[in-house]
Undergrad: 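I'd like to ask you about the structure that follows.
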Amino acid sequence: MRILDKQWFLSHCEWIYNNRHKLQNRTCAEFVISGLTINAFACPYGNYKIDKITLGNLINLWNSGFTYKDLPLLHYHQAYGDNSINISYIDNGKLINHRFEDNDREKYIPNDEVKQILRNLL
């Protein structure tokens, strides 16, 4: 399996996202993206994270709603204790990090399909 490095992926992410329908069932969907922490769950009993993902699985997440304001999400983390949510997404070639407080009406909440995919990837 070929491994895509984080820097290369970030510089091509918007193109990949915009052309995901063409890439979804191709050989390149098996490429592994390393260095991104797609999801992290912190709890008193341990830390679980997805730090490697295939391009196909990431495309599947995006197609299932792993987006924020029609931009591709690359990271989602719900904090233990205060229920704040941290996300990262690509906008105009820049990686944007954003933190939502628990009572923020605009915060990203993953739908059930996205939650199930993330659980399966763990």
Side-chain angles (χ1 to χ4, degrees):
M1 225 178 251
R2 186 169 174 196
I3 295 178
L4 300 176
D5 137 288
K6 178 181 176 179
Q7 290 298 94
W8 182 92
F9 175 75
L10 291 175
S11 66
H12 293 82
C13 182
E14 286 180 297
W15 184 90
I16 292 169
Y17 179 74
N18 292 329
N19 292 282
R20 65 190 184 278
H21 61 284
K22 296 176 188 173
L23 304 172
Q24 191 167 359
N25 297 316
R26 304 200 60 177
T27 307
C28 62
E30 296 177 18
F31 291 176
V32 174
I33 304 163
S34 65
L36 292 176
T37 302
I38 301 298
N39 189 20
F41 295 105
C43 71
Y45 308 107
N47 187 20
Y48 306 96
K49 65 182 176 180
I50 300 168
D51 59 359
K52 292 180 191 155
I53 189 168
T54 64
L55 187 56
N57 283 333
L58 185 57
I59 290 170
N60 191 23
L61 273 170
W62 289 337
N63 288 341
S64 299
F66 195 60
T67 59
Y68 178 69
K69 296 184 178 182
D70 294 324
L71 298 167
L73 279 178
L74 296 177
H75 172 75
Y76 166 79
H77 172 79
Q78 184 169 359
Y80 179 78
D82 67 0
N83 287 329
S84 65
I85 292 176
N86 298 293
I87 63 170
S88 297
Y89 56 92
I90 297 287
D91 187 15
N92 292 320
K94 295 180 182 172
L95 183 63
I96 309 294
N97 299 305
H98 189 76
R99 177 186 169 101
F100 298 101
E101 297 301 324
D102 185 33
N103 58 357
D104 193 333
R105 291 181 186 205
E106 301 240 342
K107 74 179 173 184
Y108 170 77
I109 299 172
N111 63 36
D112 290 337
E113 188 176 354
V114 168
K115 287 179 186 176
Q116 186 59 48
I117 293 169
L118 292 173
R119 271 189 228 109
N120 291 344
L121 291 173
L122 279 174

Undergrad: Side-chain heavy atoms under 4.5 angstrom apart, residues restricted to Ile, Leu, Val, Met, Phe, Trp, Tyr: same cluster for Phe9 and Trp15?
TA: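 Looking at the clustering, Trp15 is in the same group as Phe9.
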
Undergrad: Suppose we screen for side chain to side chain contact (heavy atoms under 4.5 Å, CB included). Which residues come up paired with Ile59, at least two apart in sequence or across chains?
TA: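 Per chain and number, Ile59 pairs via side chain to side chain contact (heavy atoms under 4.5 Å, CB included) with Arg20, Leu23, Gln24, Leu55, Trp62, Asn63.
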
Undergrad: State plainly whether the residues Arg99 and Asp104 are in salt-bridge range, i.e. N to O under 4.0 Å.
TA: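 Salt bridge between Arg99 and Asp104, a charged N being under 4.0 Å from a carboxylate O: no.
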
Undergrad: Using 0.5 Å steps for rounding, measure from the CD1 atom of Ile50 to the NE2 atom of His75.
TA: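 Interatomic distance, Ile50 CD1 to His75 NE2, rounded to 0.5 Å: 11.0 Å.
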
Undergrad: Going by the angle between their ring planes, with limits at 30° and 60°, are His98 and Phe100 parallel, tilted or perpendicular?
TA: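 Correct class here is perpendicular.
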
Undergrad: Start with the C-alpha gap between Ile117 and Phe66, add the side-chain angles, then the distance that decides, and say whether side-chain contact (heavy atoms from CB on, under 4.5 Å) holds.
TA: CA-CA 10 Å; Ile117 293 169; Phe66 195 60; over 6 Å; no

Undergrad: If you draw a 6.0 Å radius around CG in Asp70, do more than 12 non-hydrogen atoms from other residues or ligands fall strictly inside?
TA: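 Atom CG in Asp70 is not packed in, count stays at 12 or less.
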
Undergrad: In a check of side chain to side chain contact (heavy atoms under 4.5 Å, CB included) between Ile38 and each of Leu61, Leu121, Ile33, which one passes?
TA: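 That would be Leu61; it is the only one of Leu61, Leu121, Ile33 passing the side chain to side chain contact (heavy atoms under 4.5 Å, CB included) with Ile38.
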
Undergrad: Rounded to the nearest 0.5 Å, what's the gap from CG on Asp102 to CD1 on Ile85? Could you check?
TA: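 If I round to the nearest 0.5 Å, the distance is 8.0 Å.
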
Undergrad: Do Glu30 and Thr54 have side chains that get closer than 4.5 Å, going by heavy atoms?
TA: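 The answer is no; the side chains never approach within 4.5 Å.
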
Undergrad: Hey, could you give me the SG/CG distance between Cys13 and Asp91, rounded to the nearest 0.5 Å?
TA: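 These two atoms lie 11.0 Å from each other.
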
Undergrad: When you compare the side chain of Ile90 with that of Leu10, does any pair of heavy atoms fall below 4.5 Å?
TA: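 Leu10 reaches Ile90 side chain to side chain.
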
Undergrad: Might you confirm whether atom NZ of Lys52 has over 12 heavy atoms from other residues, nucleotides or ligands at distances under 6.0 Å?
TA: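 No, because the 6.0 Å sphere around NZ of Lys52 holds 12 heavy atoms or fewer from other groups.
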
Undergrad: Under the rule for salt bridge (charged side-chain N to carboxylate O under 4.0 Å, His left out), what residues qualify as partners of Lys69, not counting sequence neighbours?
TA: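 Result, salt bridge (charged side-chain N to carboxylate O under 4.0 Å, His left out) vs Lys69: Glu106.
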
Undergrad: Quick check, are the ring centers of Tyr68 and Tyr89 under 6.0 angstrom apart?
TA: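 Under 6.0 Å, so yes.
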
Undergrad: Evaluate the criterion side-chain contact (heavy atoms from CB on, under 4.5 Å) for residue pair Tyr76 and Val114; output intermediate values, then yes/no.
TA: CA-CA 11 Å; Tyr76 166 79; Val114 168; over 6 Å; no

Undergrad: How far does CG of Leu74 sit from CD1 of Ile96, to the nearest 0.5 angstrom?
TA: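 One finds 11.0 Å between CG of Leu74 and CD1 of Ile96.
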
Undergrad: Scan side-chain atoms only and decide if Asp112 and Gln116 contain a donor-acceptor pair under the 3.5 Å cut-off.
TA: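 Absent: no donor and acceptor within the cut-off.
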
Undergrad: I'd like to know if Lys115 pairs up with Glu113 as an ion pair, taking the criterion as any Lys NZ or Arg NE/NH1/NH2 lying under 4.0 Å from an Asp or Glu carboxylate oxygen.
TA: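 No, no charged N to carboxylate O under 4.0 Å.
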
Undergrad: Is the backbone N or O of Asn97 less than 3.5 Å from a side-chain atom of Asn86, with the two atoms forming a donor-acceptor pair by type?
TA: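 Checking the backbone N and O of Asn97 against the side chain of Asn86, no donor-acceptor pair under 3.5 Å is found.
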
